[in-house]
**Q** 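Mind having a look at this structure? Questions to follow.
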Amino acid sequence: MPQEENITVSRENQALPNDDRYDAQRIEPRWFERWQDASLYAAERDSTKQKYYVLEMLPYPSGVLHMGHVRNYAIGDALARYMWMNGYNVLHPMGWDSFGLPAENAAISANVPPREWTLRNIANMKAQMKRLGFAYDWSREVTTCLPEYYRWNQWFFLKFYEKGLAYRKKSKVNWCPKCATVLANEQVAGGFCWRHEDTRVEQRDLEQWFLRITNYTEELLRDVEKLGNWPEKVRTMQRNWIGRSEGTLVDFKLDGASDSPDSIITVFTTRVDTIYGATSVQLAPEHPLVARLTKNNDPLRASVEQLIAEQRKAKEVGDIGAIEKHGVNTHRVAVNPYNGERVPIWVANYILMDYGTGAIMSVPAHDERDFEFAKKYGLPTPVVIVPRPDDPEETVVEPALPFTTLQGTLVNSGPFSGLDCEDAIQKMSAYAEEHGFGKATVTFRLKDWGISRQRYWGTPIPMLYCAKDGIVPVPEKDLPVLLPEKVNITLSGGSPLAKVPEFVNATCPKCGGPARRETDTMDTFVDSSWYFYRYTDARNDREPFDKEQAGYWFGERGIDQYIGGVEHAILHLIYSRFWTKFMRDMGMVKNDEPAQRLFTQGMIIKGGAKMSKSLGNVVSPDDMIARYGADSTRMYTLFATAPDRELDWQDEGVEGIQRFLGRVYRFVVRNAANGSHATKETLQATSLQPEARVIQRKLHQTIKRVSDDFQGRWHFNTSIAAIMELVNELYAAEGAIAKDRVPKPLLMEVQRNLVLLLAPFAPYLAHELWEMLGEKGNLLKASWPKYDPALAKEDEIEIPVQVNGKLRCVVVVPAGSSEDTIREVALADEKIKAAVAGKQIVKVIVVAGKLVNVVVR
RNA sequence: GCCGGGAUGGCGGAAUUGGCAGACGCGCUGGACUUAGGAUCCAGUGCCGCAAGGCGUGCAGGUUCGAGUCCUGUUCCCGGCACCA
C-alpha cells in the first residue's frame, strides 16, 4: 500500500509529526504566539516598492465579531497577503469606530462606564481578530473614542468653522426617542431610526451645528463619474441621494398685494413648459406665507394646522408617499406671470417645505399628483401638451390624462405653442429671466449635515457661549475638550453633558468672563470620515496626520482598495468623500477622493434570513474557530460563494473546508521528506512520465487561475475550487508517487507552490506546512508563484462533436490542430457516421479548439 | 411607481468572449481499511428510462449551426429610492 510506504518515509524526518491528522487547535496557537510580534506587519515607507493601501471598514466595538466581519476581513486579508507576496509595500491597518450610543445603553443597563465597556469590547474583538490570523499593522491602531483621536475631530471642526463651513441654526430635525437624540437625514430610513427599525422618528425644532456639505454638492455628484472602480450600485445610490434636479423658479405675485418681495410666491418646477396649464398654486403647510395668509382667518388656520398634523404624522409613519392628498383653498389668488392668469392659492398636505421652494404650481393635466388632487376637488384640467405628431397632417388627439411625457408639443401656450417640451423649457426659462420673474435653476436633495447629538459618548463640540461675545470657538491650544469621566447618563432630558457643571462652566477665551460650553457631541460619522488618514500617521500629537505620510499612502488617487458593507454606500461614503475634498482644499491631501477602488461584500444569511438574535440563527465566529479552526472558518467565508454575493451559511460547508485542509496537510506530511533534498528547478515537460506531466500541468494551470482571480474578479470561491482540483490530482497520483514516477524536484515544487497558493486563505496551515517543507520565515516575504504558460498548456484537447446542435461524441485531437484536421477526425468518428447516415450534410461548423457542429438535413 | 441585483441538481454554488450545463464543496449510495467509524481512501451521483434515447438553467416567445449567456414580453425574490414638484 502506497500510504504505508510514504508514512514510513516521512517518519525518517525529525521535523515531521508522526500523526498525520490535521488538528487546527494544535497548529494555530503555535503560530498565533509567533504572530504576536508587533513588527510583523508594520508598514513603513519604502521608495523601492510600490505602495498598496488595502483597508477594511473599521468595526463598531459592539462586543464580539460576527460572521459579516469575518467575511469582510477575510477578503481584505487575502488581498493584503497576496499583494505582500507580490512585492508591494502594503499598509493594512485596523481600528475602532468606538463612539456611539450602545456604550451609553450599557452604562444604563449594566452600570458600566462607557469608556470601560468600550475598551473591554475592543480588547475582546482585537483578540478575536488576532486569533483569526488577520495580518494588521497594530502599531497604527486607531481608537476614535480616545482623546488622541477625537481631539482632531475638534480641530477639524474649528477649521470648518474658520472657513464658514460649520454653522449653527435652528431647524426641524429628526428625533429618535429611543436614541434620545437627533439623527441626520441620512440616518432616517423610511421614517424610522436606522438603529431602531421599529422606532418612528419625530420632528423637533432644535438648535444644531451643521457642516456645509452642500458647498461640495456639485463636485460630489460630478466626481461620482470618476469612481469607475466602485460598484455601480453604490454610485447610483450616491447620485440618487444627492438628487440633482434641473428646473425653473417662477415668481407668482400675490394678487392685490404690493410689489414687496414677501408677496411673491416662488415655485420650483421641472416642467415650466406646462405652466399655461397651471390651475392653482400649492403651498406647503409650513410655508412662511401660509402663516400670514391665515393670520386673521381662524377657520383657515385650523384647517392648515390639520394639514401640518397630517403631514407630520405621515412623515413619522414613513410613508408620506401614501398620504391622502388633502388641501384647503385660501381664497387668495396668485398671478401666473406668463399669461397673467389669476389662479387660486391652496395649501396642501403633500407639498414638502424642505424640497424646492415649498411651493408648486399645480398642472393637473400633466402631473399625476396634481391630477389626483384636481379630481378630488373638481378643479379643471386644461390641456397644454399634446402628443408630438409624427405626421404633420395628423389631427391633434386629446391625450389621456394625466399626460406627463416630455415627448410632446405645446398648445394653448401663447407664443410658446408649437414648441416641443424640452425646447420650450429652455426658451421659457430664458424668457422668465429676461422679464425678471424667474430663472433656470438646479436643486438638490442633499442637505447640510447636522452633526449635533444630544448624547454623552461622542466628541465634544469645541464651542463656547459667552453672554458678551456670543459663540466663541475653543482656541486650538486648548484642545482637546475632554469628555468628563463621571457622568450620570440617562436617555431623557437632553444632553447628559449639560448636567455636568464642571464641564459646562468655562471661561470665555475672549473676555475672560464666564461662558457655557456646548454640551452636544458630534455625530459618530465625523469619526469615520477621516480615520483612514490617521492610519498613515497614527501617533502624531501635533496634527491629525503628517502631510507627507498621507501623501505617500494615499498618493493622487487614494486608498488602493477599500472593502466594506454596502450599508455604508450613502452615509459613511458620502461624508468621507466630503471630508477628503475639504482636506484637499485645506492643502492637507492631494487626492480628490478617499478611495479609488471600493468593494462591497455580500451579506451573510442563514436559512434564508439575515442572522439575528431574534431568529436564533446567529453563527458565532468563536464557536466556529473552536470547532474547525480559524483557517477553516475564514476560508469558508471565501469558498461558499463569490465575495460580492449573499452568502448562505452552512456549517457542513465549513466541515468541507476543514476536510480539504486535512487532505492538504496529510499530503504534505507524507511527501515533504520525499522532496526535501531536491533542487528547486522546474523540470522540462518532455522529460516527465505522463503521470508527472499531469501534475505539472495542473500546478501551472492552478497558479494561473488563482492569480487571475486576484487580478480580476475576486471570485475566490473558484480560486479555492481550483486549488482543491490540484489536491485531488495529487491524491490521484499517489500511486505514481509511490512508484517514483514523479521526480522529487517536481514533487517539491508542487508542494511549495500549493502552500504559497493557500497562504492568503489559510495562513496558519500554510505557515505550518511551509516550515515542514524545510522553509523558514514569514510567508509574506515569500514570492507568489509564477506560472509557465508552456507548462500549463494541454497536449491534447477534447472536442465535443454535435449533430444539429446535439452532442453526439467527444473526440481527442492534439492541441493546436487545424480546423481541417479536427473536421476529419470528427467526421470519421463512428457515432457521428451513424448519426449522419442517410442524411445530407449541409455544413460543418468547426470552431478550432472548441467544438464541431455537423448540420444535416 | 422608479433604479439596481438575482432565479441553474436534494443543498451552497461553477460556467470572462454565445460553443461538452452542473467545476468545486455539501449531502446521499456503494466499496476498501477497521475492534469501531461521525476518521480516512476509492467509485458513483441533474431528471426520466432496463437500454437506446429523451428532457433539462423561473415562465412564454425570438435571433443563431449552436443560447444559462443575446433580444422581446412576463412572474417571483432581494436591496435601494420614493407625493423630490
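These values consider heavy atoms only, across backbone and side chains, with no hydrogens, waters or symmetry-generated copies. Throughout, a chain's letter reflects where its sequence line sits, starting with A, and its residues are numbered from 1.
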**Q** Suppose you measure atom C1' in B:G53 against the same atom in B:C41; what distance do you get, rounded to whole Å?
**A**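 Result for the C1' pair: 36 Å, nearest Å.
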
**Q** Any stems for RNA chain B, made of 3 or more Watson-Crick or G-U pairs in a row, each with both distances under 3.5 Å?
**A**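 Ordered by first number, the stems with RNA chain B (at least 3 consecutive pairs each) read B:1-7 with B:75-81, B:10-12 with B:24-26, B:27-32 with B:40-45, B:46-48 with B:53-55, B:58-62 with B:70-74.
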
**Q** Expressed in whole Å, how much space separates the P atoms belonging to B:A43 and B:G4?
**A**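 To the nearest whole Å, 47 Å.
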
**Q** Rounded to whole Å, how long is the line connecting atom CE of A:M353 with atom P of B:C84?
**A**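 Atom-to-atom, A:M353 to B:C84, this comes out as 16 Å.
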
**Q** Report the relative orientation of the aromatic rings in A:W649 and A:Y636; use parallel for angles under 30°, tilted for 30 to 60°, perpendicular for over 60°.
**A**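 Perpendicular.
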
**Q** Please report the distance separating the C1' of B:G68 from the corresponding atom of B:G58, rounded so that it comes out in whole Å.
**A**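 So the two C1' atoms sit 12 Å from each other.
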
**Q** Is any NZ, NE, NH1 or NH2 atom of the basic residue among A:K325 and A:E310 found under 4.0 Å from an Asp or Glu carboxylate oxygen of the other?
**A**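 Salt bridge between A:K325 and A:E310, a charged N being under 4.0 Å from a carboxylate O: no.
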
**Q** Could you tell me whether A:E372 contacts a base, only the sugar-phosphate backbone, or nothing, with contacts defined as non-hydrogen atoms closer than 4.0 Å?
**A**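 Result for A:E372 = nothing.
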
**Q** Using side-chain heavy atoms (C-beta onward) and a distance below 4.5 Å, is A:I657 in contact with A:R659?
**A**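 In short, these two side chains do not touch, never coming nearer than 4.5 Å.
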
**Q** Under 3.5 Å, is there a donor on one side chain and an acceptor on the other for A:R627 and A:Q658?
**A**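 Their side chains do not contain a donor-acceptor pair, so the 3.5 Å distance test is not met.
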
**Q** Verify whether the ring centers belonging to A:F373 and A:Y350 lie closer than 6.0 Å.
**A**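 Yes.
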
**Q** Are any protein N/O atoms closer than 3.5 Å to N/O atoms in nucleotides 23-28 of chain B? If there are, list each pair with its distance.
**A**
residue	atom	partner	partner atom	Å
B:A23	O2'	A:E725	OE2	2.8
B:G25	OP1	A:N728	ND2	3.2
B:C26	OP1	A:R659	NH1	2.8
B:G27	OP2	A:R659	NH1	3.2

**Q** State which of B:G12, B:G13, B:G79 makes the closest approach to the side chain of A:T641.
**A**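 The closest nucleotide is B:G13.
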
**Q** Please state the C1' separation for the pair B:A51 and B:A39 - nearest whole angstrom.
**A**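 These two C1' atoms come out 40 Å apart once rounded.
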
**Q** Is it the case that A:Q701 and A:E794 place a side-chain donor and acceptor less than 3.5 Å from each other?
**A**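 Indeed, the side chains of A:Q701 and A:E794 share at least one donor-acceptor pair under 3.5 Å.
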
**Q** Could you walk me through whether A:R71 and A:R634 pass the side chain to side chain contact (heavy atoms under 4.5 Å, CB included) check?
**A** CA-CA 7 Å; A:R71 187 182 196 190; A:R634 54 187 283 181; over 6 Å; no

**Q** Does any donor atom in the side chain of A:T821 or A:E819 lie under 3.5 Å from an acceptor atom in the other side chain?
**A**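 Side-chain D/A pair, A:T821 to A:E819: absent.
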
**Q** Find out whether the Lys NZ or Arg CZ of A:R445 is both under 6.0 angstrom from the six-membered ring centre of A:Y355 and within 45° of the ring's axis.
**A**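 Pair A:R445/A:Y355 does not count as cation-pi.
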
**Q** Touch check for A:A642, heavy atoms < 4.0 angstrom, all strands: base, sugar-phosphate only, or nothing?
**A**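 Result for A:A642 = sugar-phosphate.
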
**Q** Can you sort out which residues in residues 266-274 of chain A have a heavy atom within less than 4.0 Å of RNA chain B? Ascending by number, please.
**A**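 RNA chain B contact set from residues 266-274 of chain A: A:F268, A:T269, A:T270.
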
**Q** Is it true that A:T217 and A:T214 share a donor-acceptor pair across their side chains at a distance under 3.5 Å?
**A**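 No pair is found: no donor N or O on one side chain lies under 3.5 Å from an acceptor on the other.
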
**Q** Please examine the side chains of A:V250 and A:V272, heavy atoms only from C-beta on, and report whether any two atoms are closer than 4.5 Å.
**A**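 Side chain of A:V272 against side chain of A:V250, heavy atoms only: contact under 4.5 Å found.
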
**Q** Grab the CD-P distance between A:E368 and B:C84 for me, whole Å please.
**A**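 Rounded to the whole Å, the gap is 10 Å.
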
**Q** Quick one: sort the A:F599 and A:W714 rings into parallel, tilted or perpendicular, breaks at 30° and 60°.
**A**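 Judged by the thresholds at 30° and 60°, the geometry between A:F599 and A:W714 is tilted.
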
**Q** Between B:G61 and B:G12, how far is it from one P atom to the other, in whole Å?
**A**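 The answer is 27 Å between these two P atoms.
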
**Q** Reckon A:R666 has a side-chain N or O less than 4.0 Å from the OP1 or OP2 of B:C41?
**A**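 Answer is yes, contact under 4.0 Å.
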
**Q** With ring centroids as reference points, do A:F716 and A:F710 lie under 6.0 angstrom apart?
**A**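 Yes: the rings meet the under 6.0 Å criterion.
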
**Q** I want to confirm an ordering. Mapping A:E232 and A:S245 to their closest nucleotides on RNA chain B, which one lands closer to the 5' end?
**A**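 It is A:E232, whose closest nucleotide lies nearer the 5' terminus.
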
**Q** Using only heavy-atom distances, determine whether the side chains of A:T641 and A:D648 contain a donor-acceptor pair under 3.5 Å.
**A**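 The answer is no; no qualifying pair exists.
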
**Q** Which of residues 799-807 of chain A have a heavy atom under 4.0 Å from RNA chain B?
**A**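 A:P800, A:Q802, A:K806, in order of number.
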
**Q** Show your working on salt bridge (charged side-chain N to carboxylate O under 4.0 Å, His left out) between A:D820 and A:R823 and close with a plain yes or no.
**A** CA-CA 5 Å; A:D820 287 344; A:R823 179 185 296 111; 3.0 Å; yes

**Q** Sticking with atom P, work out how far B:C33 lies from B:G6, rounded to a whole angstrom.
**A**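 These two P atoms come out 50 Å apart once rounded.
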
**Q** B:G9: syn or anti, with syn meaning chi within 90° of zero?
**A**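 B:G9: syn.
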
**Q** Write down the distance separating the P atoms in B:G10 and B:C47, rounded off to the nearest Å.
**A**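 The same atom, P, in both gives a distance of 7 Å.
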
**Q** Go through the structure and list residues passing side-chain hydrogen bond (donor to acceptor under 3.5 Å, both in side chains) with A:K606, not counting sequence neighbours.
**A**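 Checked A:K606 against side-chain hydrogen bond (donor to acceptor under 3.5 Å, both in side chains); zero matches.
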
**Q** Quick one: is A:R645 getting a side-chain N or O under 4.0 Å of the B:C78 phosphate, OP1 or OP2?
**A**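 Result: no.
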
**Q** Expressed in angstrom and rounded to an integer, what is the separation of A:D651 atom CG from B:C11 atom P?
**A**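 Distance check: A:D651 CG to B:C11 P gives 19 Å.
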
**Q** Should the pair A:F403 and A:H366 be assigned to parallel (<30°), tilted (30 to 60°) or perpendicular (>60°) ring geometry?
**A**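 Rings of A:F403 and A:H366: perpendicular, as their planes differ by over 60°.
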
**Q** Specify the separation, in whole Å, of atom CD of A:E246 and atom P of B:A85.
**A**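 From A:E246 CD to B:A85 P: 12 Å.
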
**Q** Go through B:C81, B:G79, B:G13 for me and flag the one nearest to the A:D648 side chain.
**A**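 For A:D648, the side-chain atoms sit closest to B:G13.
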
**Q** Is it the case that the ring center of A:F639 lies less than 6.0 angstrom away from the ring center of A:F761?
**A**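 They do not qualify: ring centres at least 6.0 Å apart.
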
**Q** What is the distance from CZ of A:R239 to P of B:C81, rounded to the nearest Å?
**A**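 Atom-to-atom, A:R239 to B:C81, this comes out as 16 Å.
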
**Q** The side chain of A:V810 lies closest to which of these nucleotides: B:C20, B:C65, B:A82?
**A**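 The nucleotide sitting nearest to the side chain is B:C20.
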
**Q** Tell me which residues in residues 846-857 of chain A put a heavy atom below 4.0 Å from RNA chain B, sorted by number, or none.
**A**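 Those residues whose heavy atoms fall under 4.0 Å from RNA chain B, taken from residues 846-857 of chain A in numerical order, are A:V847, A:K850, A:L851, A:N853, A:V855.
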
**Q** CG of A:N240 versus C1' of B:C81: gap in Å, rounded?
**A**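 The answer, rounded to whole Å, is 6 Å.
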
**Q** Atom CD of A:E646 to atom P of B:G13: distance rounded to whole Å?
**A**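 Roughly 8 Å, once rounded to whole Å.
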
**Q** Given the C1' atoms of B:A21 and B:U8, what is the spacing between them in whole Å?
**A**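 That atom pair is separated by 8 Å.
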
**Q** Have A:N728 and A:R663 got a donor and an acceptor in their side chains that come within less than 3.5 Å?
**A**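 Present: a donor and an acceptor within the cut-off.
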
**Q** For a quick check of understanding: with a heavy-atom distance under 4.0 Å over all strands, which category does A:R808 fall into, base, sugar-phosphate or nothing?
**A**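 Sugar-phosphate: the residue A:R808, judged by heavy atoms under 4.0 Å, touches backbone atoms but no base.
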
**Q** Quickly work out the A:M237 CE to B:C78 C1' distance and round it to whole Å.
**A**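 These atoms are roughly 13 Å apart.
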
**Q** By the 4.0 Å heavy-atom rule, please label A:I351 as base, sugar-phosphate, or nothing.
**A**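 Base, at least one base atom sits under 4.0 Å.
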
